[in-house]
Structures are given as C-alpha cells and as structure tokens.
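Because the structure is predicted, anything quoted here is derived from the model rather than measured. Residue indices begin at 1 and follow the sequence shown. These numbers come from the heavy atoms of this one structure, side chains and all, not from hydrogens, waters or symmetry mates.
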Amino acid sequence: MRIPVELTRSKPTSKGAGGPASQEGIEAGTVLQENTVIEFGTAREVLFACTTRLEFADVLRLRNSDGSLDTEASVVAVQYHPGATVVAARFLNAVPNWIVKS
C-alpha cells in the first residue's frame, strides 16, 4: 500500500504532574507531528511505523497530501522496537473510498 501521511498527536492538557506527558519530558499541550507511511490499511484500520512513542487509546490525526485521507484514529495496538513504534489504529469515523483514487 505505502501511502505517505502526516501523523499528528496533541498531548492532553489535563495530565497532572508525574503523568505520561512529564515522564516523556514533553510538556502538556505539545503537538507531536511526524511524516510516516501507511503500510497496510482497510476501510476501518491502518498499520504504520513511527518514531513517536504512542500508547493504546491515543487519538491521532492522519492526513495525506491530496486530502483523500484526513481523519482521526485511535491507537488499538502498539509494538515497541529500538527507534520505532509499530502501530495499529482504527478510524473514529467512516472514511469512504480513501484507498481508491478516481
């Protein structure tokens, strides 16, 4: 499949001291952005690797360059490797025909 996308995750602003945001050394409210490539996708899910450390239930925004994909997805699985995180995410809303271009 190999669809390049921009991945965006906003750190929650409601985390208290000692929460995940401070453990990662990232201030609450910080936006994390990265370019990555969707390796596999269905009408409901995508799989990709990234360098951002994501966790289960993180909400992401995925956008490709032509705008046929611009939606939010929730992380449903992660696998950590040195220097990379492999992620499975499920779309929060229906995304019709994002894989097929006319």
Side-chain angles (χ1 to χ4, degrees):
M1 170 167 269
R2 304 207 40 89
I3 297 174
V5 294
E6 179 183 77
L7 160 76
T8 307
R9 180 188 66 168
S10 295
K11 291 298 293 178
T13 56
S14 61
K15 298 288 184 195
S22 62
Q23 289 173 1
E24 293 178 15
I26 299 169
E27 291 184 30
T30 301
V31 173
L32 300 174
Q33 206 167 37
E34 176 180 346
N35 291 321
T36 190
V37 176
I38 294 174
E39 298 291 344
F40 177 80
T42 70
R44 297 187 55 204
E45 296 96 7
V46 290
L47 298 174
F48 58 89
C50 63
T51 57
T52 301
R53 188 166 179 90
L54 300 175
E55 296 183 16
F56 182 76
D58 280 348
V59 175
L60 316 170
R61 183 169 182 188
L62 301 169
R63 282 185 281 187
N64 66 357
S65 61
D66 71 3
S68 60
L69 178 66
D70 186 355
T71 192
E72 289 187 325
S74 177
V75 174
V76 294
V78 293
Q79 185 173 18
Y80 300 114
H81 297 275
T85 303
V86 180
V87 179
R90 183 169 293 137
F91 297 134
L92 296 180
N93 299 303
V95 185
N97 300 322
W98 74 272
I99 298 173
V100 180
K101 292 174 72 173
S102 53

- [ ] Would you please test V87 and C50 for side-chain contact (heavy atoms from CB on, under 4.5 Å) and show each step?
- [x] CA-CA 8 Å; V87 179; C50 63; 4.1 Å; yes

Output the distance between atom [atom1] ([X]) and atom [atom2] ([Y]), rounded to the nearest 0.5 Å.
X: E34; Y: E6; atom1: CD; atom2: CD; value: 10.5 Å
X: L54; Y: R9; atom1: CG; atom2: CZ; value: 5.5 Å
X: L69; Y: I3; atom1: CG; atom2: CD1; value: 7.5 Å
X: R44; Y: N93; atom1: CZ; atom2: CG; value: 12.0 Å
X: L47; Y: Q79; atom1: CG; atom2: CD; value: 11.0 Å
X: T36; Y: E39; atom1: OG1; atom2: CD; value: 7.5 Å

For residues [X] and [Y], report the shortest heavy-atom separation together with the two atoms involved.
X: L62; Y: F91; answer: CD1-CE2, 4.3 Å
X: A89; Y: F48; answer: CB-CE2, 4.4 Å
X: G83; Y: T51; answer: O-CG2, 3.6 Å

- [ ] Give the C-alpha distance, both sets of side-chain angles, the deciding distance and a yes or no for side-chain contact (heavy atoms from CB on, under 4.5 Å) between L32 and T8.
- [x] CA-CA 6 Å; L32 300 174; T8 307; over 6 Å; no

Open item on the list: Just so I know, are the side chains of E45 and F40 near enough to count as touching, which here means a heavy-atom distance under 4.5 Å?
Closed with: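 No, side chains not in contact.
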
Open item on the list: I want to check something: taking the side chain as every heavy atom from C-beta on, are P4 and N35 in contact at a cut-off of under 4.5 Å?
Closed with: no

Open item on the list: Show, in sequence, the C-alpha distance, side-chain angles and deciding distance for V86 and V78, and conclude whether the side-chain contact (heavy atoms from CB on, under 4.5 Å) test is met.
Closed with: CA-CA 6 Å; V86 180; V78 293; over 6 Å; no

Open item on the list: Under the side-chain contact (heavy atoms from CB on, under 4.5 Å) test against R61, which residue among D70, L7, V5 passes?
Closed with: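 Answer after filtering D70, L7, V5: D70.
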
